Asker: 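Structure incoming, see below.
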Amino acid sequence: MAATLLSHNYFPVFNAPRIVSLNPFEPPNPNRYHYAVTGPRFPKPNQPQLTHSNASKTLIESSNITLMDALRSFIDSGSIENALHVFEEMNHSDTFTWNIMIKGLVQNGLFKEAINYFHRMEFGGARPDKFTYPFLLKACAGLLSLKEGEKVHGKLIKVGLDLDVYICNSLISMYMKAGCVESGENVFEEMSVRDLVSWNAMVSGYQLVGDGLSSLVCLREMVSVGIRPDRFSFISGLGACSIQGCGRNGKEIHCQVIRNGFEMDPRVETSLIDMYGKCGNATYAERVFNMIVDKNIVAWNAMVAGYVSNARFYESFSCVKKMQDVGKLMPDLITMINLLPACAQTGALLMGKSIHASAIRKGFLPHIVLETALVDFYGRCRKLKLAEHVFTRINGKNLASWNAMIAAYVQNGWYSEALELFLDIWYNSVKLDAITFASILPAYAEVTSLSEGRQIHAVVTKLGLSSSNTIISNSIIYLYAKCGDLQTARRCFDGMVCKDVVSWNTIIMAYAIHGFGRISIQLFHKMIENGIKPNKSTFVSLLSACSISGMVDEGWEYFNSMKRDYDIDPGIEHFGCMLDLIGRTGNLDLAKHFIEEMPLVPTARIWGSLLAASRKNNDIELAEVAAKHALSLEHDNTGCYILLSNMYAEAGRWEDVEKIRTLMIRDGIAKTMGCSTVEKDYKVHRFVNQDGSNAQVSMVNDVKNIITKMTAEEEDVYAHRTTKLRRTDLTRKKPNVPENHSVRWGISFGLISTELGSTVLVRKNIRICEDCHNFAKKVSKMCKREIVVGDSKVFHHFQDGNCSCGDYW
DNA sequence: GTAGGGTTAG
């Protein structure tokens, strides 16, 4: 309430009227000061028990208590409204009175008001002194207002107070909090006398701006010049270790803490728990935690966070239970914020929801951090509507909340919504951070064009994020690979200084989806040589490479090596890759057997893989079984319906084709419209299946017809199948004839709009059909051009009549 | 008689 009531600008009102009721619309309330008399630090012996401003006046007048005593009592007890009432009763010529009042405002977080009162003080004739300025600088720091802070600094130079140690320390702290490290360093450098607090201000300042290394260097330097660190130094130093994730430095500081006798300090203990938790050593965090006799909520919360950040989710739950049962403490806002990621990771949707409900009941909402944690939680639990529900209601959204919503969209495949939100904040000149880009880049990889991909790459490079941030660099590699530019993907990979396991997994997958499985295998071995330990995803990339490039023996060898050599249990994704591989060999019995023997429950993706294998080997019965299973798990799997329908069509089973069509209509499943895109001069040209009657594309149509005629002259082994398909489609509408498929439009357009001899790149939203695949092969030979078609799964590199996929996809 | 540096959170 105080913040609202005090938001009037009192400056420059001299001798302001007494604030009897701060709100003119509110009648005097005798209970208003109730909390003042029941506050934890009030009443103290010989201090006034004020219940009403008028009453307080009478009380004060009739007792020996001075107004100054009353003011200080109210300030000490945090009863700022009462303090203001008393202050307005007082003489305003005394600097000391103003100092106390400004101190009270700052202590209560009323920074703007503190600055306003400072101006009132100056204009009222009271002269600010060396005590006033530290309060004022704290207010500037609280507002994170470098501008206000610099103004104060200027004034200090003018009045000659800029050499005072206390004031310099306040200046350092203000500059560091406002993020202006250089100014903080300048003040520190120019001080003729530095004390312990000056050093602490630097150590904590570096830590605050996220420069853990400088903070630790500063701490070391401070010891080397003979200053003995205190609890403040250690708390900041431990915070610096947390940033660096450097447990070794943390342990060193822990030793110093013990040597200096601070191991029983509750805040130092909490910082130790926090440091060990963040440095990946939850066991040491536990050890420190268990030593604490009287654990407060902050220590409990730090321990809960330690468990969560070390993926010990179930221990985080039992820790909260113990906190209630043994510690007799109720979860607070921070406990909830800590627990939500654990709920998301363990799929505990109900627990997360009950935390949400409890937060509402306890009045913790609205709260920006908790709301953001909820958006993140619902996003990870695939409850996107709930995430949106929380997100849209956040008042004063900040970058973290936007990032959470963007990440939620991306994780759930809502790429265009993610891009829309991203562009919205981008155009509104919001300063974005590494997390924003790390979140949005996978969406770019899925839906954008190569030129847009290049643009976003340029943006992150300009911001200095593409070389310094491994997550972003990895996303960029994937982006280029998915946009069809494998060479640039490789260049980015080679240029990375700190490659992690994800970088290697990404580049192995990049070559895999482009059909260069041999290179994927080479890279895998290079990764091992470089001492990088492969993980589950590495084998998804590697087995995909073997499957896409048809390297059957190698695939089995790597699959068997997972547990044997790397102690990795194959997951469902690995079984999926192997099934694709078996499907390729045409051994459908083995494929069936493989599914039966699998130690995991088959997913829709597994059945989809069997369906694809059945189609490739023309086994309608098995295809029906596979489709039935797949559709029971994913009723809206469009590809499944289409694949089966095409098989019926090829077999001339028109009634079954019709049945599927009816089923699809009944369930509201629309066939995905085939669409191909080609880029030219930063513009994306989009083609859909059409019959060529559109005048705008007549030239492309002419080219397409000429090439089609030329390719048709060489009859091929697929002629029989092509004729069958044609008859089906002709019974419906003209654009579905394979000759009119979007990819042929794309290829034709690519051929005439790019430089002679250069590669033609076409991207397609669904899988390429056999006719078009055949067409592209012939065109590549005829025109002596490499044609790359990226469909929804792989990139087909057509060259000299052959395709990198080996005709299996 | 007043002042500076500190613990858990997206």
Side-chain angles (χ1 to χ4, degrees), chain A residues 66 68-69 71-72 75-76 94-104 106-107 129-138 141 161 164-174 176-177 187 194-205 207-208 222 229-239 242 262 265-275 277-278 285 289 292 295-306 308-309 332-341 364 367-377 379 390 394 397-405 407 435:
Chain A
T66 62
M68 179 52 74
D69 287 334
L71 178 69
R72 293 175 74 180
I75 297 283
D76 285 345
D94 182 21
T95 296
F96 180 66
T97 318
W98 281 101
N99 288 350
I100 297 297
M101 192 62 243
I102 293 171
K103 167 190 165 184
V106 174
Q107 275 176 355
D129 61 7
K130 62 176 181 175
F131 294 104
T132 322
Y133 287 99
F135 296 132
L136 188 62
L137 287 166
K138 213 173 189 174
L161 279 171
D164 182 276
V165 182
Y166 277 80
I167 285 175
C168 283
N169 293 343
S170 300
L171 276 168
I172 294 170
S173 181
M174 180 276 294
M176 296 303 241
K177 279 181 187 153
V187 174
R194 300 180 191 111
D195 64 6
L196 172 64
V197 180
S198 323
W199 284 94
N200 282 348
M202 291 304 288
V203 176
S204 96
Q207 184 238 328
L208 275 175
M222 153 184 187
D230 67 354
R231 67 196 66 204
F232 294 91
S233 332
F234 290 129
I235 290 166
S236 301
L238 289 167
S242 303
F262 293 115
D265 183 286
R267 292 186 186 192
V268 175
E269 284 169 319
T270 309
S271 294
L272 280 165
I273 297 168
D274 180 55
M275 179 277 293
K278 290 199 172 115
F289 180 72
I292 306 177
K295 301 171 180 78
N296 65 17
I297 186 102
V298 186
W300 282 99
N301 284 341
M303 194 59 242
V304 172
V308 177
S309 58
D332 70 356
L333 182 84
I334 293 170
T335 321
M336 295 183 181
I337 292 165
N338 279 328
L339 273 184
L340 283 167
F364 292 161
H367 183 280
I368 185 84
V369 180
L370 181 57
E371 286 163 315
T372 306
L374 282 165
V375 170
D376 180 74
F377 161 74
V390 176
I394 299 178
K397 297 178 182 67
N398 61 21
L399 187 55
S401 38
W402 278 309
N403 286 348
M405 194 64 234
I435 298 172

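Just so we're on the same page: letters track the sequence lines, and every chain starts at 1. Just so it is clear, the model here is predicted, and its values are computed rather than measured.
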Asker: Which one, dG5(B), dT2(B), dG10(B), comes nearest to the side chain of Ser173(A)?
Answerer: dG5(B)
Asker: The side chain of Phe135(A) is closest to which nucleotide in this list: dT2(B), dT8(B), dA9(B)?
Answerer: dT2(B)
Asker: Provide, to the nearest angstrom, the distance between the CG atom belonging to Leu333(A) and the P atom belonging to dA9(B).
Answerer: 12 Å
Asker: With sugar-phosphate meaning primed atoms plus P, OP1 and OP2, does Met68(A) contact a base, only sugar-phosphate, or nothing at under 4.0 Å between heavy atoms?
Answerer: base
Asker: Have Asp230(A) and Asn200(A) got a donor and an acceptor in their side chains that come within less than 3.5 Å?
Answerer: yes
Asker: What nucleotide among dT8(B), dA9(B), dG5(B) has an atom nearest to a side-chain atom of Val298(A)?
Answerer: dT8(B)
Asker: Between C1' on dG1(B) and CG on Asn99(A), what's the gap in Å once rounded to a whole number?
Answerer: 11 Å
Asker: Answer yes or no on whether Lys295(A) is positioned over the face of Phe289(A), meaning its NZ or CZ is under 6.0 Å from the six-membered ring centre and within 45° of the axis.
Answerer: yes
Asker: Can you figure out which of dG6(B), dA9(B), dT2(B) approaches the side chain of Phe131(A) most closely?
Answerer: dT2(B)
Asker: Report yes if a donor N or O on one partner sits less than 3.5 Å from an acceptor N or O on the other, where the partners are the side chain of Asn403(A) and the base of dG10(B); otherwise report no.
Answerer: no
Asker: Nearest to the side chain of Ser271(A), heavy atoms from C-beta on, is which of dG5(B), dT7(B), dA9(B)?
Answerer: dT7(B)
Asker: I want to check one thing: is the phosphate of dA9(B), taken as OP1 and OP2, less than 4.0 Å away from some side-chain N or O of Lys278(A)?
Answerer: yes
Asker: Checking contacts here: which listed nucleotide (dA3(B), dG5(B), dT7(B)) is nearest the side-chain heavy atoms of Lys103(A)?
Answerer: dA3(B)
Asker: Whole angstroms only, please: what is the CG-P distance between Leu208(A) and dA9(B)?
Answerer: 13 Å
Asker: Within this structure, what is the CH2-to-C1' distance between Trp402(A) and dG10(B), rounded to whole angstrom?
Answerer: 14 Å
Asker: Looking at dG5(B), dG6(B), dA3(B), which one has an atom nearest to any side-chain atom of Asn200(A)?
Answerer: dG5(B)
Asker: Would you state whether a donor and an acceptor, one from the side chain of Asn398(A) and one from the base of dG10(B), lie under 3.5 Å apart?
Answerer: yes
Asker: Report yes or no: do Asn338(A) and Thr335(A) form a side-chain donor-acceptor pair below 3.5 Å?
Answerer: no
Asker: Between atom CG in Asp76(A) and atom P in dT2(B), what is the gap in whole Å?
Answerer: 11 Å
Asker: When all nucleic acid strands are considered with a 4.0 Å heavy-atom cut-off, which category describes Leu340(A): base, sugar-phosphate, or nothing?
Answerer: nothing
Asker: Would you mind telling me which of dG10(B), dG6(B), dT2(B) lies closest to the side-chain atoms of Lys177(A)?
Answerer: dG6(B)
Asker: Where the side chain of Ala373(A) is defined as all heavy atoms beyond and including C-beta, which of dT7(B), dG10(B), dG5(B) is the nearest nucleotide?
Answerer: dG10(B)
Asker: Over all strands shown, is Ala400(A) touching base, sugar-phosphate only, or nothing at heavy-atom distances under 4.0 angstrom?
Answerer: base
Asker: Kindly point out which of dG6(B), dT2(B), dG10(B) is positioned nearest to the side chain of Ile100(A)?
Answerer: dT2(B)
Asker: Could you give the CG-to-P distance, from Asp164(A) to dG5(B), as a whole number of Å?
Answerer: 14 Å
Asker: So, is Ser401(A) close to the dG10(B) phosphate, meaning a side-chain N or O under 4.0 Å from OP1 or OP2?
Answerer: no
Asker: What is the nucleic acid contact for Leu137(A), judged by heavy atoms within less than 4.0 Å: base, sugar-phosphate only, or nothing?
Answerer: nothing
Asker: Please check if any side-chain donor atom of Ser198(A) sits under 3.5 Å from a side-chain acceptor atom of Asp195(A), or the reverse.
Answerer: yes
Asker: Compare side-chain N and O positions of Lys138(A) against OP1 and OP2 of dA3(B) and report whether any pair is under 4.0 Å apart.
Answerer: no
Asker: Once you round it to whole Å, what is the distance between P of dG10(B) and CZ of Phe377(A)?
Answerer: 16 Å
Asker: So Val203(A), base contact, sugar-phosphate only, or nothing? Heavy-atom distance under 4.0 Å.
Answerer: nothing
Asker: Tell me whether Ile368(A) at atom CD1 has more than 12 heavy atoms from other residues, nucleotides or ligands lying less than 6.0 Å away.
Answerer: yes
Asker: Taking any heavy-atom pair under 4.0 Å as a contact, classify Asp332(A): base, sugar-phosphate, or nothing.
Answerer: nothing
Asker: Kindly indicate whether the side chain of Ile167(A), heavy atoms from C-beta on, has any atom under 4.5 Å from the side chain of Ser170(A).
Answerer: no
Asker: Can you check the Asn296(A) CG to dA9(B) P distance for me, whole Å?
Answerer: 14 Å
Asker: Would you say that Ile334(A) contacts Val369(A) through its side chain, given a criterion of any heavy-atom pair below 4.5 Å between the two side chains?
Answerer: no
